[in-house]
K.L.:
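A single structure is presented below for examination.
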Amino acid sequence: STWDQAKMEAKGAADAFFNKRKQSEDTKKTIADPIKKPKTENEGNDPANPVRLYCDGVFDLFHFGHARLLESCKKFFKYTTLVVGVTSDAETKKEKGYPVMNEFERAETIKHCKWADEVICPCPWIPSVAFLKEHKINYICHDPAPYKCGALDDAYGEVKMAGMFLATKRTEGVSTSDLIVRILKDYDEYVWRNLQKKYPPKELGISEEYALYIKLKKRYKEVTEKRKEILSGEKDPKADAGKSEKDKELEMQLTKIAEEIERLSGKLEQIKLQGDQHHYERYLLSLIHI
């Protein structure tokens with residue numbers, strides 16, 4: 001009947017719709033999940049035919065997280081040749097930010113790591129299957145999280161789809177960014193460290209005035225800490241009894257120095273607010289030479 005025919009057509013349309021949606025979901029799943037080529041029983045077991053693996057990165061301020069990554073890649077198979085790609089300065093600045101070490105320094109560091117067998121520098125920011133085949137590489141090693149780059153949802157998507165991808169694990173708690181944050185957090189301490197090593201302020205990218213300011217901060221900290229020791233010692237009669245006249249005289253001098261630094265620091269702040277550069281520098285020098 002016409003009714004039965006209409007039901008059959010509706011069922012056919014529904015089946016076609018759901019089959020098409022299922023195919024679409026299966027396609028998405030295939031793209032999202034890296035295809036892992038199954039390892040054959042003998043893969044990587046022949047010393048005459050090692051598996052060639054590739055691992056790329058910036059490798060700035062090389063740390064133990066980098067070393068662990070390269071070690072894990074080297075140990076994927078019994079016999080492995082590990083090729084390490086080091087990115088160029090130009091692409092690193094463009095895609096990630098300004099590196100501390102230049103590409104020559106970063107590549108030389110990798111060359112001296114015992115896990116690396118070959119180094120390619122500069123390497124492509126986005127590795128392709130063609131690049132891997134050119135260098136006779138079997139697999140690329142990287143953490144499995146999608147690495148967004150420009151319009152690409154995953155820079156490693158192509159090699160994942162080709163079954164040339166092996167997933168690695170990140171070392172938590174250490175990164176180049178973490179090391180840079182440590183330096184920025186204690187910036188004045190590191191400036192002072194290099195000033196003590198006789199680096200001129202110009203080489204540190206600071207003014208002579210700022211160098212004097214750092215020296216003042218360190219001097220003030222030393223004197224105030226010593227003064228605290230003195231004041232705490234005065235409360236203990238036994239501690240005070242064991243001090244020589246020379247010690248007591250030194251304590252009095254340090255107390256006077258701390259008081260003078262406090263007085264001049266207050267005056268310095270007033271002068272700075274008034275914008276009197278001549279007197280500001282004069283008082284700053286007075287503080288430094290206390």
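These numbers come from a predicted model, not from an experiment. We're numbering straight along the sequence, starting at 1. Hydrogens, waters and symmetry mates play no part in the numbers below; they use all other heavy atoms, side chains included.
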K.L.:
Mind checking the CD1-CG spacing from Ile206 to Asn194? Nearest 0.5 Å is all I need.
P.N.:
9.5 Å
K.L.:
For Glu71, is there any backbone N or O sitting under 3.5 Å from a side-chain donor or acceptor partner on Lys114?
P.N.:
no
K.L.:
Please give me the minimum heavy-atom distance between Lys74 and Trp115, naming the atom from each residue.
P.N.:
CD-O, 3.6 Å
K.L.:
Looking at every heavy atom in both Val129 and Ala162, which two are closest together, and how far apart are they?
P.N.:
CG2-CB, 3.7 Å
K.L.:
Please determine which of Asp56, Ile110, Val58 meets the side chain to side chain contact (heavy atoms under 4.5 Å, CB included) test together with Val86.
P.N.:
Ile110
K.L.:
Indicate yes or no for a side-chain donor-acceptor contact from Asn102 to the backbone of Glu105 under 3.5 Å, with no hydrogens or angles considered.
P.N.:
yes
K.L.:
Tell me, do Leu70 and Phe62 make a side-chain contact under 4.5 Å, heavy atoms counted?
P.N.:
yes
K.L.:
Can you confirm whether Lys93 is buried at NZ, in the sense that more than 12 heavy atoms of other residues, nucleotides or ligands lie under 6.0 Å from that atom?
P.N.:
yes
K.L.:
Any chance you could measure Thr92, atom OG1, to Met101, atom CE, to the nearest 0.5 Å?
P.N.:
12.0 Å
K.L.:
What closest approach, in Å, do Phe59 and Gly85 show between heavy atoms, and which atom pair accounts for it?
P.N.:
CE1-O, 3.5 Å
K.L.:
Any side-chain heavy atom of Thr80 sitting closer than 4.5 Å to one from Cys73?
P.N.:
no
K.L.:
Nearest heavy-atom pair of Ile126 and Ala155: which atoms, and what distance?
P.N.:
CG2-O, 3.4 Å
K.L.:
Are Leu152 and Val159 linked, directly or through other ILVMFWY residues, by side chains that come within less than 4.5 angstrom of each other?
P.N.:
yes
K.L.:
Roughly how far apart are Arg193 CZ and Leu204 CG, rounded to 0.5 Å?
P.N.:
11.0 Å
K.L.:
Please identify each residue that fulfils side-chain hydrogen bond (donor to acceptor under 3.5 Å, both in side chains) with Thr171, with sequence neighbours left out.
P.N.:
none
K.L.:
Does Phe76 reach the side chain of Leu82, with side-chain heavy atoms less than 4.5 Å apart?
P.N.:
no
K.L.:
Looking at CG of Leu132 and CD of Glu158, how far apart are the two atoms once the value is rounded to the nearest 0.5 Å?
P.N.:
8.5 Å
K.L.:
Indicate yes or no: at least one non-hydrogen side-chain atom of Pro122 is less than 4.5 angstrom from one of Thr87.
P.N.:
no
K.L.:
Write out all pairs satisfying ring pair (Phe, Tyr, Trp, His ring centres under 6.0 Å) with one or both partners inside residues 183-204, taking only residues at least two apart or from two chains.
P.N.:
none
K.L.:
In this structure, would Leu179 and Ile183 fall into the same cluster of hydrophobic residues linked by side-chain contacts under 4.5 Å?
P.N.:
no
K.L.:
Return all side-chain donor-acceptor pairs below 3.5 angstrom for residues 48-55, not counting sequence neighbours, or 'none' if the list is empty.
P.N.:
unit_1	atom_1	unit_2	atom_2	d
Arg52	NE	His135	O	3.1
Arg52	NE	Lys136	O	3.1
Arg52	NH1	Glu118	OE2	3.0
Arg52	NH2	Glu118	OE1	3.2
Arg52	NH2	His135	O	3.1

K.L.:
Tell me whether Lys94 is salt-bridged to Glu91, with the criterion being a basic N under 4.0 Å from an acidic carboxylate O.
P.N.:
no
K.L.:
For Glu103 and Asp89, indicate whether the former's side chain and the latter's backbone hold a donor-acceptor pair under 3.5 Å.
P.N.:
yes
K.L.:
As an exercise, state the distance from CZ of Arg106 to NE2 of His66, rounded to the nearest 0.5 Å.
P.N.:
10.0 Å
K.L.:
Between Tyr210 and Asp188, does any side-chain donor sit less than 3.5 Å from a side-chain acceptor?
P.N.:
yes
K.L.:
How are the rings of Tyr139 and Phe77 set relative to one another: parallel (under 30°), tilted (30 to 60°) or perpendicular (over 60°)?
P.N.:
parallel
K.L.:
Can you tell me how far the OG atom of Ser72 sits from the CZ atom of Arg170, to the nearest 0.5 Å?
P.N.:
12.0 Å
K.L.:
Just by distance, do the side chain of Thr176 and the backbone of Asp60 share a donor-acceptor pair under 3.5 Å?
P.N.:
yes
K.L.:
Answer yes or no: is there an ion pair linking Asp153 with Lys148, defined by an N-O contact shorter than 4.0 Å?
P.N.:
yes
K.L.:
Taking the inter-plane angle between the rings of Tyr147 and Trp125 on a 0 to 90° scale, is it parallel (under 30°), tilted (30 to 60°) or perpendicular (over 60°)?
P.N.:
tilted
K.L.:
Do Lys218 and Glu189 sit within salt-bridge range, that is, some charged N less than 4.0 Å from a carboxylate O?
P.N.:
yes
K.L.:
Given side chains that start at C-beta, do those of Phe64 and Val174 come closer than 4.5 Å, heavy atoms only?
P.N.:
yes
